[in-house]
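Everything on this sheet refers to the single structure shown next.
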Amino acid sequence: MPKRSADPITADLTEPQREAVLYGDGPLLVIAGAGSGKTRIITRRIAHLTREGIAPDRILAVTFTNRAADEMRRRVETLVGRDVLVTTFHSFCARLLRREIAALGMQPSFSIYDQADSARVVRQICKEMKLDPTTYQPARLRERISLHKRRLQTPEQSTGQAVGIGEQTESRVYARYEERLRASNALDFDDLLGKVIELFNVCPEILRQYQETYLHVLVDEYQDTNLPQHLIAHALQGKHRNITAVGDPDQMIYTWRGARLENILEFDKDFPAAHVVTLERNYRSTANILRAASTCISFNQMRHDKLLWTDSEAGEPVRVMQFRDSYDEAQRIAQTVQELIEGGSEPNEIAVLYRTNYQSLPLEDSFASLNLPYQIVDTVGFFERKQVKDLRAYVQLLVNPDDDEAFLRAVNVPRRGVGDKTIEKLRQSARRAGGSLLRTARRSSELDELDSRSRHALERFCTLYDDLASVQHKTVLSFLKHLIEETGYVEAVPPEEREDAEEVIDHLLEYVTQYDRRQPGGDLVGFLEQTALISDVDGLNPRAHAVPLMTLHSAKGLEFDVVFISGLEEGMLPHERALRENPYGGEDYAVEEERRLMHVGMTRARRKLYLTHALKRMIRGMEQTVRPSRFLSELPEEGVAWESDGPAVTVGFGAARPVQETQFVLERKRAQLKVLDGDGNGRISAGARVAHPSYGEGVVASVDSAGKYVLVRVAFLERGVLSLLLSSDDVERL
DNA sequence: TAAACCGTTGTTTTT
DNA sequence: CAACGGTTTA
């Protein structure tokens, strides 16, 4: 029962927020716009549920990134005082499979392959099949395999559906890839989800057990779930039917990872009688920032109407800054940051965002030259480092001796004279006799085709392996130190890389120290799982006294006083790859996702937003002239200040700069506006009576042509004056 | 057989 | 500008 004002869980909530937090049993969907208190809903709801008597260990909360999970776990803990399982889909599945995978006939010591590992396997297969690497790019094939898996298609099914030689080859690679992973007792990221679904299908009694356990399932960022994730969430809530899904379609930025907007847009299809709460009030940003962001996102056609509004003051204008080139841009951003810090801003409250990771390089240089503290939130970086991968491979091989990928990496690092030829012979022998590479290497004395040198090298490796396996360690740290010692890893690094390598290793040891502290008992499997699934260890430390630099993707879910979005150019922010997917030159799905990314970035800002672009940028090592992003031309006139170093170059896109009314609504949807009573020609003009499906009837106040677009202001009877943006074509058709 | 060298290739985003 | 693959050299 909610108490009135003094209730710490609901006291500071608005009515719709309270409704979501206190909602009773049954499926609940919360559509929560940027800055509307999304995380707060989930944490408070968990607190509310435990207060209602639900045991914390019968609540499952799922988020998308490890960072978000950590953050939420912390908040819940302070609120509830007890541990609630807050995790990502992938690590939830990994843990579940460690317990249950025997039911599928697999070993619980399975390895987890990341994208790079998968790519290696695919590359190897392509070589074996002698495929032309230009027609069959390994990276593309890996992506295609992942696509099949996300649709839950087996290799057999994909073979059945394959059309043409290309797709047939593709499914043959897929089949071999599966064989390879099964033989190595390995699962890739897609398998973690897929195997859980398989398990639930094959063993309903296991599913029933988990359904029983979780009285409530809460999923954050539901707009980014893919089909397997949707199915897992659906399966888990199957008994008690208590699912809370929170999300915002306008922040869906993971199509390339299989995110399906339908999961959230058609939520009530799969979760009948779902209660829906919509949160449209933004508490985060100034009115100027929110107007700019809303205007930008309103250019998306495939979009459900949602109006974000705020009571905040206008604040400073959004600043658009133009620079000669990307170095100039980086330098001036750093200078501006410096001025902000001198003016009293906290460095960790100023973020610089960009589309691609490599854009951080000039920024790093500029920050360093001004002695400004910064932290790169490099999401893949650290665990992709060679040294980490090498040492990890040893641990992986000890845990899972069948893992051929781990064997291949460990066997000749440091160099012990096991080269391509030896490996090839080992491979052939392994294929003939069956069994893993490690097992085959153990029998190297029986392999006639090996010369004595290679044989000796393999024997040495096996002895090392047995030594490492024989020693029990109390902590992962002591094991790792022992490993580095025994392998002579550091000594084998060439002198010019030594310093760098030592730094990486120190960093790893530091991470492991923390891991041991969190997870006493020195579990190597747990360590591997963490390092396979956590990508952002290096990630943001919100308390560090440093300016975070990160991609727009990794900024999702965060907020800062000041935000810079850099590199706003055609080809960078709508990324060229998205533009290439536009066969008709019109905008489509890919560009709209880029616009959502822009929207996510803009709505990270509380007080100040800077949008920067350069006229020249280094691409593939060559300086190229680039045009400003179309997204800049979509900014409203009000509350935006344009600045330039030299003579300003006009923004290259002819899109209208829409005039603003009290609400920031723009619509471009064809046929949404119907002329009820016009000037007789069917043309839209001032005074015409019109109807709109969501806003009802109204009278056209004015029609302004602005290049490619026509801005129609309509006084709706119920909603007041709104601006609608139509393309000229649309108006012709009305 | 393995390491050093050179030319070609193509670069989003992340669990 | 890097990372990869193929080629030459020790």
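Throughout, a chain's letter reflects where its sequence line sits, starting with A, and its residues are numbered from 1.
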query = Could you give the NE2-to-P distance, from A:His575 to B:dT14, as a whole number of Å?
reply = 12 Å

ask   = Salt bridge or not for A:Asp191 and A:Arg182, using N-O below 4.0 Å?
value = yes

query = Rounded to whole angstroms, how far apart are OH on A:Tyr358 and C1' on B:dG10?
reply = 11 Å

All N/O pairs under 3.5 Å across the protein-nucleotides 2-10 of chain C interface:
none

task = Take the protein atom CZ of A:Arg142 and the nucleotide atom P of B:dT13, then report the distance between them rounded to whole Å.
result = 13 Å

query = With sugar-phosphate meaning primed atoms plus P, OP1 and OP2, does A:Phe89 contact a base, only sugar-phosphate, or nothing at under 4.0 Å between heavy atoms?
reply = nothing

request  = Report yes if some heavy atom in the side chain of A:Ser111 is under 4.5 Å from a heavy atom in the side chain of A:Leu528; otherwise report no.
outcome  = no

request  = Would you kindly give the CZ-to-C1' distance between A:Phe64 and B:dT13, to the nearest whole Å?
outcome  = 13 Å

task = Measure from CE on A:Met622 to C1' on B:dG10 and round the result to the nearest Å.
result = 12 Å

key: Side-chain ion pair, A:Glu329 and A:Arg617, N-O less than 4.0 Å   = yes

key: Pair A:Arg120 + A:Glu405, salt bridge at N-O below 4.0 Å   = yes

Reading 5' to 3' through nucleotides 1-7 of chain B, protein heavy-atom contacts under 4.0 Å coded B for base, S for sugar-phosphate only, - for none = SSS----

Check against side-chain hydrogen bond (donor to acceptor under 3.5 Å, both in side chains), A:Gln396 and A:Tyr113 = CA-CA 11 Å; A:Gln396 187 71 74; A:Tyr113 282 6; over 6 Å; no

ask   = Just by modelled atom types, is the A:Glu570 backbone N or O under 3.5 Å from a matching donor or acceptor in the A:Arg627 side chain?
value = no

request  = Quick one: stems involving DNA chain B, counted as three or more successive Watson-Crick or G-U pairs, both distances short of 3.5 Å.
outcome  = B:1-10 with C:1-10

key: Check: A:Thr531/A:Arg392 side-chain N/O donor and acceptor closer than 3.5 Å   = yes

inquiry  = Let me spell it out: for each of A:His90 and A:Ile619, pick the nucleotide of DNA chain B with the closest heavy atom. Which residue's pick is nearer the 5' end?
reply    = A:Ile619

request  = Determine, for A:Glu529 against A:Arg95, whether the closest basic-nitrogen to carboxylate-oxygen distance falls under 4.0 angstrom.
outcome  = no

inquiry  = Measure CD/A:Gln115 against C1'/B:dT13 and give the value in whole Å, please.
reply    = 10 Å

inquiry  = Can you see whether A:Phe92 has A:Arg99 sitting over its ring - NZ or CZ less than 6.0 Å from the centre and within 45° of the normal?
reply    = no

ask   = Separation of A:Met618 atom CE from C:dC1 atom C1', in whole Å?
value = 8 Å

request  = Rounded off to whole Å, could you give me the CZ-to-P distance for the A:Arg595 and B:dT13 pair?
outcome  = 21 Å

query = Hey, is A:Trp256 doing a stacking thing with B:dT13, by the 5.5 Å centroid and 30° angle criteria?
reply = yes

query = Just by distance, do the side chain of A:Asp403 and the backbone of A:Asn185 share a donor-acceptor pair under 3.5 Å?
reply = no

query = Should the pair A:Arg98 and A:Phe110 be classed as cation-pi, given the thresholds of under 6.0 Å to the six-membered ring centre and 45° from the axis?
reply = yes

